[in-house]
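A note on names: the letters A, B, ... follow the listed sequences, proteins ahead of strands, and every chain is numbered from 1.
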2 protein chains.
Amino acid sequence: MLTENSARASQSKKRTRIQIENEERILDAALDVFSSFGFRGATVDQIAERAGMSKPNLLYYFRRKQDIYVAVLTRTLENWLTPLGALDPDGEPEAEIRAYVGQKLALSRDAPMESRLFANEVLQGAPMLGPLLATDLKEIVDAKAAVLAGWIAAGKLAAVDPVHLIFMIWAMTQHYADFDTQIQAVTGRGVATDAATFERARETVDQILFRGILPR
Amino acid sequence: MLTENSARASQSKKRTRIQIENEERILDAALDVFSSFGFRGATVDQIAERAGMSKPNLLYYFRRKQDIYVAVLTRTLENWLTPLGALDPDGEPEAEIRAYVGQKLALSRDAPMESRLFANEVLQGAPMLGPLLATDLKEIVDAKAAVLAGWIAAGKLAAVDPVHLIFMIWAMTQHYADFDTQIQAVTGRGVATDAATFERARETVDQILFRGILPR
DNA sequence: AAAAATCCTGACTGATCGGTCAACATAAGG
DNA sequence: CCTTATGTTGACCGATCAGTCAGGATTTTT
């Protein structure tokens, strides 16, 4: 976990009611703006306007633009990795993976901005959370890849590289959030707005993935 | 003089040897910078420095930053859609799709910057080539989806939504270019630098995809 | 209610960016 | 050769940006 980057909180005083409210409003606005334009493309004025406050006031809570960015990144990271952490080594492989894929797809529908925030960051070389990827992310991926390897060894899954399988699940599910613009341009409907499109996406992912990895 | 200057790159006046050379150097540099930082994050100075020329000289060839951007986008778009266009309705489904996936994966290895350029553009709502997606891209996707639908109707492919199948192929293959940073952080090796990682990626995509879509 | 701590803002600054311009340099064509 | 068209640059400009600051407003604490 990264350190708290709020100006106030870092001064080790108790957080007031107004601080809690405003910091949350700022982070919500920052998620919106950063996920749309990336770090360098976003402006503090944009975030301040969306948060409904003046720029100096925003900078009273987060002294630097970068502080807002890493705060919203770390706030989201936890929710983002939770589904993978929930993958139970003692569960049934098909049910466990199906649940995981379902949760990731639901996240692409319900929290596309979070997905695009990370996509922007990683796409540009992960300048901020690069170190975190090599430690925290690698750790959980290695752990869950070992679980998958166990299932493969037990003959409950087809012999696929476990790490790449995780990559493939990420690719298939997050694609519907990150490339929503493209999908809307081609199909006229997005996964976030149209329930039928979401259902079609879910069916396709399920069909390809589970016919691909379940033993025959 | 003014209009001639503004569209020097796109207009078909006789192009000098120096023009051809410099415009290519500029576009190469622009691909590098834009794919790393996105449109708003990139600076003209960066592109000029990477192209080995002064900023005013670069702006002599492309009067606006946006002109460089759309030029490099459109130059790449053709190469990017070529593999899908090569999908032959009269060929054997498995061989055709296998060739297409192989070409897309090779592009992720050999031309990751192009992939990231488009990913950045689409991720931020495709402000420049949005209209082009709804026309050209939709057209070719619809055409090739019809081919896939024909193969499904002939019982040569499992019943998957053809458009979403195309999305899945894009997601699985481009993931290795767009999220290379993340993959390197987790595995220590990237698909562009390490041949073994590329081979593992290819095997995984092949295995999941073709067990998933080929009739049993 | 008074004091103290917290919250908020208009006005500003220095840096950076996209883009211009006048003048100079080089190449092309006769 | 000389003339013309093309190529190149340092210096500059207005706009925008992140971040500062002094001081006033509001809330909390005593």
Side-chain angles (χ1 to χ4, degrees), chain A residues 4-27 29-30 33-34 36-72 124 127-128, chain B residues 1-27 29-30 33-34 36-73 124 127-128:
Chain A
E4 177 60 60
N5 284 280
S6 158
R8 293 290 108 183
S10 64
Q11 288 174 1
S12 71
K13 295 279 185 177
K14 55 186 174 185
R15 297 176 70 205
T16 69
R17 160 199 124 240
I18 298 181
Q19 271 172 35
I20 295 173
E21 286 177 7
N22 282 352
E23 282 169 8
E24 187 172 337
R25 269 167 58 204
I26 290 170
L27 291 184
V33 175
F34 280 130
S36 294
F37 302 109
F39 178 70
R40 295 177 70 161
T43 72
V44 176
D45 295 86
Q46 273 181 297
I47 301 172
E49 189 191 354
R50 188 141 214 128
M53 67 182 65
S54 67
K55 179 170 67 171
N57 196 26
L58 184 150
L59 290 169
Y60 170 74
Y61 293 97
F62 297 88
R63 302 175 83 95
R64 303 191 301 161
K65 179 187 180 183
Q66 190 173 338
D67 294 341
I68 321 172
Y69 186 63
V70 303
V72 68
Q124 309 199 352
M128 302 294 170
Chain B
M1 189 60 173
L2 188 131
T3 50
E4 177 187 338
N5 240 4
S6 69
R8 175 152 285 150
S10 57
Q11 266 190 0
S12 55
K13 290 264 181 180
K14 49 186 175 185
R15 297 176 69 205
T16 312
R17 157 197 126 244
I18 299 181
Q19 273 172 32
I20 295 174
E21 285 177 10
N22 282 352
E23 283 167 8
E24 187 172 336
R25 269 167 57 204
I26 291 170
L27 291 184
V33 176
F34 280 131
S36 294
F37 302 109
F39 177 71
R40 297 178 68 163
T43 73
V44 176
D45 296 86
Q46 272 180 298
I47 301 172
E49 189 192 355
R50 188 142 215 126
M53 67 182 65
S54 67
K55 179 171 67 171
N57 197 25
L58 184 150
L59 290 169
Y60 170 75
Y61 294 98
F62 296 88
R63 285 192 62 188
R64 297 164 161 261
K65 179 186 181 184
Q66 190 172 332
D67 294 342
I68 320 171
Y69 186 64
V70 303
V72 67
L73 267 180
Q124 309 198 353
M128 301 294 171

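Here D:dT16 presents its P atom at 14 Å from CD of A:E49, a figure rounded to the nearest Å. Counting to the nearest Å, the C1' atom of D:dT16 and the NZ atom of A:K65 are 12 Å from each other. Protein atom CG of A:L59 is 15 Å distant from nucleotide atom P of C:dC7, rounded to whole Å. In this structure, OH of B:Y69 is placed 17 Å from C1' of C:dG18, rounded to the nearest angstrom.
Considering only heavy atoms from C-beta on, A:Q46 stays 4.5 Å or farther from A:F34 through its side chain.
OP1 and OP2 of D:dG7 both lie 4.0 Å or more from every side-chain N or O belonging to B:N57. Between B:N22 and D:dT6 there is no side-chain N or O to OP1 or OP2 distance below 4.0 Å. When the side-chain nitrogen and oxygen atoms of B:R63 are compared with OP1 and OP2 of C:dG18, none of them lie within a distance under 4.0 Å. A close approach under 4.0 Å does not occur between any side-chain nitrogen or oxygen of B:Q19 and OP1 or OP2 of D:dT6. The side chain of A:T16 places no N or O atom within less than 4.0 Å of a non-bridging phosphate oxygen (OP1 or OP2) of C:dA5. Between B:R17 and the phosphate of C:dA27, there is no side-chain N or O to OP1/OP2 separation shorter than 4.0 Å. The shortest distance between the side-chain N/O atoms of A:Y60 and the OP1/OP2 oxygens of D:dG19 is not below 4.0 Å.
Between A:R40 and B:I18, the one whose closest nucleotide on DNA chain C sits nearer the 5' end is A:R40.
No donor-acceptor pair closer than 3.5 Å links the side chain of A:R50 to the backbone N or O of A:V33.
Taking only side-chain atoms of B:Y61, from C-beta outward, the nucleotide of D:dA18, D:dG7, C:dG10 with the closest atom is D:dG7.
Judged as a salt bridge (charged side-chain N to carboxylate O under 4.0 Å, His left out), and not counting sequence neighbours, B:R64 has no contacts.
Here A:A42 lies in heavy-atom contact (under 4.0 Å) with sugar-phosphate atoms only.
In terms of polar N and O atoms assigned as donor or acceptor, the side chain of B:K55 comes within less than 3.5 Å of the base of C:dG19 in a complementary pairing.
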